[in-house]
*Asks:* 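This structure is in structure tokens; I'll ask about it shortly.
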Amino acid sequence: MKRSYSLILMAATGGYVGYLPVVPGTFGTLAGLLPVYLISLLGNGPALIVLALTIGLAVWTAGRAEKQIGATDPGCIVIDEIAGIMVTLWSLPFEWLPVTAGFFIFRCLDMLKPFPIRQIEKKLPGGFGIVADDVVAGLIAHVLLRIVLAVAQ
């Protein structure tokens with residue numbers, strides 16, 4: 001039991017990055033750049049499968065970690081930010097401009113939580129609520145990033 005508890009917390013906190021005393025969500029997003037790079041090496045189809053599996057794992061892990069920690073959506077859980085940045089940058093080249101712009105767009109949306117992001121976070125329970133708002137922020141960031149990249153060319 002203790003080992004699975006540790007593995008769940010390690011995954012949910014992005015390898016314990018979520019325990020950093022300042023801006024854990026930002027550091028969690030930075031930690032998400034490694035899996036973004038790795039899935040960028042795959043074709044779009046396989047990357048989408050990995051992304052879907054990651055989101056499912058994030059929902060399960062975040063829900064379990066939330067119960068183990070005993071708090072609702074604790075800040076140390078950053079697997080949702082990892083999933084969100086993966087959605088933001090899915091199918092885009094892992095290059096300086098898309099990664100940097102995508103990082104900032106996603107972080108702004110995740111922190112400000114404009115409609116419908118905040119409503120999703122509040123209405124869904126457990127791991128679904130923790131992860132869904134970041135996935136929606138990632139989807140919106142992805143669309144905005146595509147617009148930014150089109151204008152920049």
*Asks:* Do I82 and M111 belong to the same hydrophobic cluster, where Ile, Leu, Val, Met, Phe, Trp and Tyr are linked whenever their side-chain heavy atoms lie under 4.5 Å apart, directly or via other members?
*Replies:* no
*Asks:* State, to 0.1 Å, how close A58 and A83 come at their nearest heavy-atom pair, and which atoms those are.
*Replies:* CB-CB, 4.4 Å
*Asks:* For the residue pair P74 and E66, what are the closest heavy atoms and their distance?
*Replies:* CD-CG, 4.3 Å
*Asks:* Applying a strict under-4.5 Å side-chain criterion to I, L, V, M, F, W and Y, I'd like to know whether W60 and I49 cluster together.
*Replies:* no
*Asks:* If you count heavy atoms of other groups shown closer than 6.0 angstrom to OH of Y16, is the number above 12?
*Replies:* yes
*Asks:* Assess the residue pair V87 and I55 against the criterion (side chain to side chain contact (heavy atoms under 4.5 Å, CB included)); give the C-alpha distance rounded to whole Å, side-chain angles, the decisive distance to 0.1 Å, and a yes or no.
*Replies:* CA-CA 9 Å; V87 170; I55 292 168; 3.9 Å; yes
*Asks:* With salt bridge (Lys or Arg N to Asp or Glu O under 4.0 Å) as the test, would you mind laying out the steps for D133 and K113 before giving the verdict?
*Replies:* CA-CA 8 Å; D133 68 308; K113 298 194 185 304; 2.8 Å; yes
*Asks:* Can you hop from V23 to L33 via hydrophobic side chains spaced under 4.5 Å?
*Replies:* yes
*Asks:* Report the C-alpha distance between L145 and L89 in whole Å, list the side-chain angles of each, state the deciding distance to 0.1 Å, and finish with yes or no for side chain to side chain contact (heavy atoms under 4.5 Å, CB included).
*Replies:* CA-CA 9 Å; L145 179 57; L89 295 172; 3.6 Å; yes
*Asks:* Heavy atoms, side chains only, cut-off 4.5 Å: are I69 and I77 in contact?
*Replies:* yes
*Asks:* Search all heavy atoms of V131 against all heavy atoms of A62 and return the closest pair with its distance.
*Replies:* CG2-CB, 4.1 Å
*Asks:* Would you say that S40 contacts M86 through its side chain, given a criterion of any heavy-atom pair below 4.5 Å between the two side chains?
*Replies:* no
*Asks:* So T29 and F106, do their side chains get closer than 4.5 Å, heavy atoms only?
*Replies:* yes
*Asks:* Tell me, please, which residues at least two apart from Y37 pass ring pair (Phe, Tyr, Trp, His ring centres under 6.0 Å).
*Replies:* F94
*Asks:* Heavy atoms, side chains only, cut-off 4.5 Å: are T88 and I105 in contact?
*Replies:* no
*Asks:* Taking L51 as the starting point, is it possible to reach L42 by hopping between hydrophobic residues whose side chains are less than 4.5 Å apart?
*Replies:* yes
*Asks:* In the structure I gave you, are the side-chain heavy atoms of I117 and D134 within less than 4.5 Å of one another anywhere?
*Replies:* no
*Asks:* Might you point out which heavy atoms bring L9 and A65 nearest each other, and give the distance in Å?
*Replies:* CD2-CB, 4.0 Å
*Asks:* Is there a side-chain contact between L92 and R146 (heavy atoms, below 4.5 Å)?
*Replies:* yes
*Asks:* Using 0.5 Å steps for rounding, measure from the CG atom of D80 to the CZ atom of F128.
*Replies:* 14.0 Å
*Asks:* Rounded at 0.5 Å granularity, tell me how far CD in E95 sits from OG1 in T100.
*Replies:* 11.0 Å
*Asks:* Answer yes or no: is there a side-chain heavy-atom contact under 4.5 Å between N44 and W90?
*Replies:* yes
*Asks:* Go through the steps to decide whether V17 and T13 satisfy the test side chain to side chain contact (heavy atoms under 4.5 Å, CB included), and finish with yes or no.
*Replies:* CA-CA 6 Å; V17 167; T13 61; over 6 Å; no
*Asks:* Given side chains that start at C-beta, do those of E81 and L30 come closer than 4.5 Å, heavy atoms only?
*Replies:* no
*Asks:* Can you name the closest pair of heavy atoms from L112 and R118 and give their distance?
*Replies:* O-NH2, 3.3 Å
*Asks:* Please determine whether residues W96 and F103 belong to a single hydrophobic cluster, defined as Ile, Leu, Val, Met, Phe, Trp and Tyr linked transitively by side-chain heavy-atom distances below 4.5 Å.
*Replies:* yes
